[in-house]
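Take a look at the structure set out below.
Owing to the predicted nature of the structure, the values given are computational and were not obtained by experimental measurement. Side-chain atoms are counted along with the backbone in the values below, which use heavy atoms only and exclude waters and symmetry mates. Each chain gets a letter, A, B and so on, in the order its sequence line appears, and its residues count up from 1.
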Amino acid sequence: MNLFQHFQAEVTRQIDALIAEGALPAGLDTTRLTVEPPRDTSHGDITTNAAMVLAKPAGMKPRDIADLLAAKLDALPEVTETTVAGPGFINMRLADDFWHARLAEILTTGTAYGDSDFGKAAGKVNVEYVSANPTGPLHVAHARGAVVGDVLARLLKKAGYDVTTEYYINDAGAQVETLARSAYLRYREALGETVDEIPEGMYPGEYLIPVGQALAEADGDKWLNVDEDTWLPHVREFTVARMMTQVKEDLAALGIQQDVYTSEKELVAAGAVDAVYQTLADRGLIYTGVLEPPKGKPTPDDWEPRPQSLFRATEFGDDIDRPLKKSDGSWTYFSNDIANHLDKFKRGFTQMIDIFGADHGGYVKRMKAAVTAVSEGKAELDIKLCQMVHLMKNGEPMRMSKRAGNFVTLRDLIDEVGRDVVRFLMLTRKSDTQMEFDLAKAVEQSRDNPVFYVQYAHARCRSVLRSAPDELAGLDTSAEALAQADLSLLADPAELDLVKIMAAWPRIVEQAAEAHEPHRVAFYLNDVASAFHGLWNMGKDDTSLRFIQTDTPEISRARMALVQATATIIASGLDVLGVTPVEELR
RNA sequence: GGCCCCGUAGCUCAGUCGGAUAGAGCACAGGAUUCCUAAUCCUGGGGUCGCAGGUUCAAAUCCUGCCGGGGUCACCA
């Protein structure tokens with residue numbers, strides 16, 4: 001249960017009661033009313049701005065409304081204390097029983113705690129991420145987008161959304177042809193020819209050597225003495241397929257497997273682009289025009305003012321109208337991507353989320369404009385831009401050149417620090433701010449390393465639970481058994497504080513999902529771990545606060561419930577992040 | 001020059017569809033070891049929320065204009 005939502009409904013009910021009594025005028029709008037945790041916990045457990053929101057429409061002073069409402073709320077069984085403070089906040093303190101019930105709820109629900117049907121009514125959501133060109137293995141630069149997209153999808157699922165994850169394969173266009181020509185050189189090499197140097201503009205990477213070998217093995221010299229027109233389509237298919245296999249393997253190493261892979265080439269071949277062009281043309285959204293060269297910077301050498309097919313993106317909030325065809329008459333990348341998004345809309349997605357790198361920032365407005373146009377305003381596109389990640393080692397920036405033998409591929413990074421560490425650390429910053437990723441800190445076991453810090457808290461919990469049966473005469477530490485413990489014995493403020501933080505998890509899930517901000521989960525887990533470590537250390541100063549009290553088994557049992565719940569919450573959060581909780585850290 | 005993102009403590013960053021006295025970690029100073037270990041915790045100082053206006057009961061948050069950093073700017077993807 002999201003307790004804040006629960007009390008928001010309660011506050012609204014009490015307002016209705018006051019209206020029925022004639023104490024407040026009818027017809028008040030309560031949509032801006034919020035029930036939240038107060039900024040300062042000394043103010044209470046929950047707070048509402050109801051009185052301030054209602055003051056103007058009711059034509060009353062905020063404090064007067066607050067006094068009326070506070071008297072009503074004070075009568076609720078879960079509320080032990082209400083105060084009116086500041087400009088008209090109503091602060092409430094909740095009964096210990098209420099918090100104990102939340103603890104029991106966590107234990108009986110397990111890691112499903114925080115699951116919600118919040119997103120049920122939102123319609124189908126599509127999250128497209130990575131979508132890297134299949135011209136080579138994934139680079140470290142892809143790591144952030146991959147993690148952000150994957151965790152966002154997991155988060156949305158937990159919040160009740162109907163989510164599909166997708167990878168758009170850019171297998172049309174000139175770059176995959178260049179890839180094919182590069183692979184062809186490796187193929188000739190495999191058949192014994194000497195290729196001194198990979199020409200400028202080709203892909204020189206060694207990863208194409210096995211591709212050439214595999215092709216030679218499969219087809220022998222079949223493609224050796226034929227025209228490019230003959231071999232190119234086959235070599236292209238062959239190479240792209242190999243590259244995509246590798247991309248999928250690299251993503252799998254990060255724990256990512258997308259639901260749907262859409263091929264740009266197949267969309268084009270199926271006529272989807274022609275169709276969307278026709279649709280837009282029929283609606284008068286395409287015209288032939290000449291674009292101005294960009295101002296404020298030198299005009300490109302090959303600039304030629306020429307008439308081209310333009311999409312009226314400016315009608316949907318873009319800055320200029322955007323070209324749909326290249327000078328050779330073929331579709332632009334943008335055209336194909338419009339077809340891609342229309343295809344998603346036709347498959348029933350009314351909410352689309354694209355995860356892009358920050359270098360695609362200039363593409364955002366036109367794509368949103370296109371989605372509005374092709375869906376006639378019925379679909380919504382959110383684009384999350386992931387800023388660059390600077391790889392560091394001991395505070396020194398790492399040059400990521402292949403020549404220096406440094407890390408270049410995503411796989412290298414995973415091999416170096418591990419999948420869980422990559423996943424967690426990519427979420428320790430908001431996605432739209434640049435971040436540094438320090439390879440030394442990433443594997444360090446210290447407070448500096450949030451992955452470790454959270455895992456350590458979980459391991460401590462598990463450790464105590466493992467040793468409890470020995471020290472407490474075979475105590476049953478299963479969650480079901482512990483939910484039956486006398487939780488009223490948890491009365492220390494520090495213990496209750498931990499419960500309160502854990503009880504906030506459902507709200508965190510909903511809010512992070514709604515905001516499309518998966519990093520909030522990582523920050524929340526840090527808070528849970530911090531509260532737990534703090535409680536742990538209190539037992540060092542005051543042994544009566546230790547979890548295991550051999551002479552008072554009932555207290556121990558209640559505290560085991562607290563520890564079990566903490567492990568559960570951390571595991572639940574880590575599950576959203578796709579990180580495995582560890583049992584021990586030895 | 002246009003557009004997008006960022007600007008919060010010495011450093012790295014949080015900050016809830018606008019809410020009360022703006023928070024955390026690092027660093028610095030001092031202190032705490034029978035549960036998983038001081039790999040952790042506690043206490044302390046530290047701020048014109050880039051600048052200037054505006055909107056209102058209330059602005060780090062929304063609007064406008066500047067300053068600084070990054071990205072991007074027909075036909076590539």
Side-chain angles (χ1 to χ4, degrees), chain A residues 4 32 34 36-40 43 47 49 52-53 55-56 61-62 85-89 91 131-133 135 170 172-176 264 290-297 299-300 302-306 308 310 318-323 325-328 330 332-334 336-337 357-365 385 387-388 428-430 432-436 444-450 452-453 456-457 459-464 466-468 471 507-508 511-512 514-515 519-520 523 526-527 529-530 532-541 543 546-549 563 584-586:
Chain A
F4 298 95
R32 288 182 56 228
T34 59
E36 305 172 317
R39 175 158 291 182
D40 187 337
H43 292 138
T47 186
N49 64 355
M52 291 173 295
V53 171
K56 203 177 224 178
K61 288 184 194 162
F89 289 101
N91 298 323
S131 297
N133 297 334
T135 53
N170 302 138
Q175 291 192 3
V176 285
E264 178 184 8
V290 180
L291 287 176
E292 307 256 317
K295 289 172 183 154
K297 71 168 209 173
T299 305
D302 56 348
W303 176 270
E304 47 174 275
R306 66 175 184 88
Q308 44 190 345
L310 300 176
D318 200 357
D319 307 305
I320 58 170
D321 293 330
R322 303 292 180 176
K325 284 184 180 174
K326 303 182 201 171
S327 46
D328 67 357
S330 63
T332 58
Y333 179 82
F334 178 50
N336 295 351
D337 211 7
D359 55 341
H360 286 61
Y363 190 70
V364 171
K365 281 191 181 181
L385 290 181
Q387 283 289 343
M388 290 188 288
T428 52
R429 296 282 183 279
K430 249 184 331 199
D432 50 12
T433 58
Q434 295 185 14
M435 73 179 294
E436 291 177 0
E444 196 174 286
Q445 301 204 328
S446 77
R447 183 72 180 87
D448 279 355
N449 182 350
F452 163 76
Y453 187 73
Y456 185 27
R460 273 182 156 173
C461 290
R462 300 302 308 164
S463 169
V464 173
R466 274 195 303 274
S467 54
E471 298 190 46
R507 180 174 187 263
I508 298 285
Q511 291 199 323
E514 187 177 28
H519 75 277
R520 294 192 195 186
F523 279 91
N526 200 66
D527 290 345
S530 174
F532 181 76
H533 286 310
L535 189 57
W536 177 285
N537 275 75
M538 285 178 73
K540 291 186 186 294
D541 294 334
T543 53
R546 289 171 162 270
F547 299 129
I548 295 176
Q549 300 287 333
V563 172
E584 56 182 354
L585 282 164
R586 285 181 208 285

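The base of B:A20 sits with one of its N or O atoms less than 3.5 Å from a complementary donor or acceptor on the side chain of A:T47. Checked by distance alone, A:N91 brings a side-chain donor or acceptor within 3.5 Å of a matching partner on the base of B:A20.
The environment of CZ in A:R306 is crowded: more than 12 heavy-atom neighbours from other residues, nucleotides or ligands sit within 6.0 Å.
Comparing A:A459 and A:K430, the nucleotide of RNA chain B nearest to each residue sits closer to the 5' end for A:K430. Annotation: of the two residues near RNA chain B, A:P62 and A:S467, the 5′-most nearest-nucleotide partner is A:S467.
Across every strand in view, B:G7 sits in a pair with B:C67 that passes the Watson-Crick or G-U test at under 3.5 angstrom. Pair check for B:A24 finds B:U12; Watson-Crick or G-U wobble, both atom distances under 3.5 Å. For B:C41, the paired nucleotide is B:G31, the pair qualifying as Watson-Crick or G-U wobble because both relevant distances are below 3.5 Å. In a base pair of the Watson-Crick type (N1 to N3 plus N6-O4 or O6-N4) or a G-U wobble (N1-O2 and O6-N3), with each distance short of 3.5 Å, B:G1 is matched with B:C73.
Here, B:U48 and B:G1 have their P atoms 30 Å apart, quoted to the whole Å. As rounded to the nearest Å, B:U21 and B:U40 have C1' atoms that lie 30 Å from one another. Between the C1' atoms of B:A39 and B:U33, the separation comes to 13 Å (whole Å). The P atoms of B:G50 and B:G7 are separated by 7 Å, rounded to the nearest whole Å. Rounded to the nearest Å, the gap between the C1' atom of B:C11 and that of B:C28 is 12 Å. B:C41 and B:G47 have their C1' atoms separated by 26 Å, with the value rounded to a whole Å. Using P as the reference atom, B:A38 and B:G46 are 31 Å apart when rounded to the nearest Å. Between B:A27 and B:A74, the two P atoms lie 47 Å apart (nearest whole Å).
The side chain of A:T433 has B:A14 as its nearest neighbour among B:A20, B:U34, B:A14. Distances from the side chain of A:K365 to the nucleotides B:U40, B:C4, B:U16 place B:C4 closest. Closest approach to the A:F523 side chain among B:C13, B:C3, B:C41 is made by B:C13 (side chain taken as heavy atoms from C-beta onward). When the nucleotides B:C17, B:A32, B:G15 are ranked by their closest atom to the side chain of A:N537, B:A32 comes out on top. Closest to the side chain of A:Y456, from the set B:U34, B:C36, B:U16, is B:C36.
Between A:D541 atom CG and B:C41 atom C1' there is a gap of 8 Å when expressed in whole angstrom units. Rounded to whole angstrom, the span from the CG atom of A:D432 across to the P atom of B:G7 amounts to 9 Å. Rounded to whole Å, the distance from CD on A:E436 to C1' on B:C26 is 13 Å. If you take CG of A:D318 and P of B:G2, they are 16 Å apart, rounded to a whole angstrom. Regarding A:N526, its CG atom lies at a distance of 9 Å from the P atom of B:G25, rounded to whole Å. Between the CD atom of A:Q549 and the P atom of B:C35 there is a distance of 13 Å, rounded to whole Å. Whole-Å rounding puts the A:R32 CZ to B:A58 C1' distance at 11 Å. A:Q511 has its CD atom 11 Å from the P atom of B:G15, to the nearest Å.
A pairwise comparison of heavy atoms in A:P323 and A:Q308 identifies CB-OE1, 3.7 Å as the closest pair. Summarising the geometry of A:R546 relative to A:G539, their closest heavy-atom pair is NE-O, 3.2 Å, with the distance given to 0.1 Å. The two atoms that bring A:D328 and A:S330 nearest to each other are OD1-OG, 2.7 Å, heavy atoms only.
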inquiry  = Let's go through A:R447 and A:N449 carefully: what are the C-alpha distance in whole Å and the side-chain angles of both, what is the deciding distance for side-chain contact (heavy atoms from CB on, under 4.5 Å) to 0.1 Å, and is it a yes or a no?
reply    = CA-CA 5 Å; A:R447 183 72 180 87; A:N449 182 350; over 6 Å; no
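Considering OG of A:S463 and CZ of A:F547, their distance stands at 11.0 Å, rounded to 0.5 Å. Remark: A:D432 CG to A:L385 CG distance equals 8.0 Å, nearest 0.5 Å.
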Contacts under 3.5 Å, N or O only, protein and nucleotides 59-61 of chain B:
residue: B:A60; atom: N6; partner: A:R39; partner atom: NH2; Å: 3.1

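No donor-acceptor pair closer than 3.5 Å links the side chain of A:H533 to the backbone N or O of A:Y456. At distances below 3.5 Å, not a single donor-acceptor pair connects side-chain atoms of A:E36 with backbone N or O atoms of A:F4.
The aromatic rings of A:H360 and A:Y363 stand perpendicular to each other, their planes meeting at an angle above 60°, with 30° marking the opposite boundary.
Within 4.0 Å (heavy atoms only), A:T135 reaches no atom of the nucleic acid at all. Among the heavy atoms of the strands lying under 4.0 Å from A:G534 are primed sugar atoms or P, OP1, OP2 only; no base atom is included.
Under 4.0 angstrom from either OP1 or OP2 of B:U40 there lies no side-chain N or O belonging to A:K540. A:R447 has no side-chain polar atom (N or O) that falls below the 4.0 Å cut-off from OP1 or OP2 of B:G25.
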With sugar-phosphate taken as primed atoms, P, OP1 and OP2 and all else as base, the protein-contact string of nucleotides 67-77 of chain B at under 4.0 Å (heavy atoms; B, S, -) is ---SSS-BBSB
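If you run salt bridge (Lys or Arg N to Asp or Glu O under 4.0 Å) between A:K365 and each of A:D318, A:D319, A:D321, only A:D319 comes through.
Taking 4.5 Å as the limit, some side-chain heavy atom of A:I320 sits within range of a side-chain heavy atom of A:R322.
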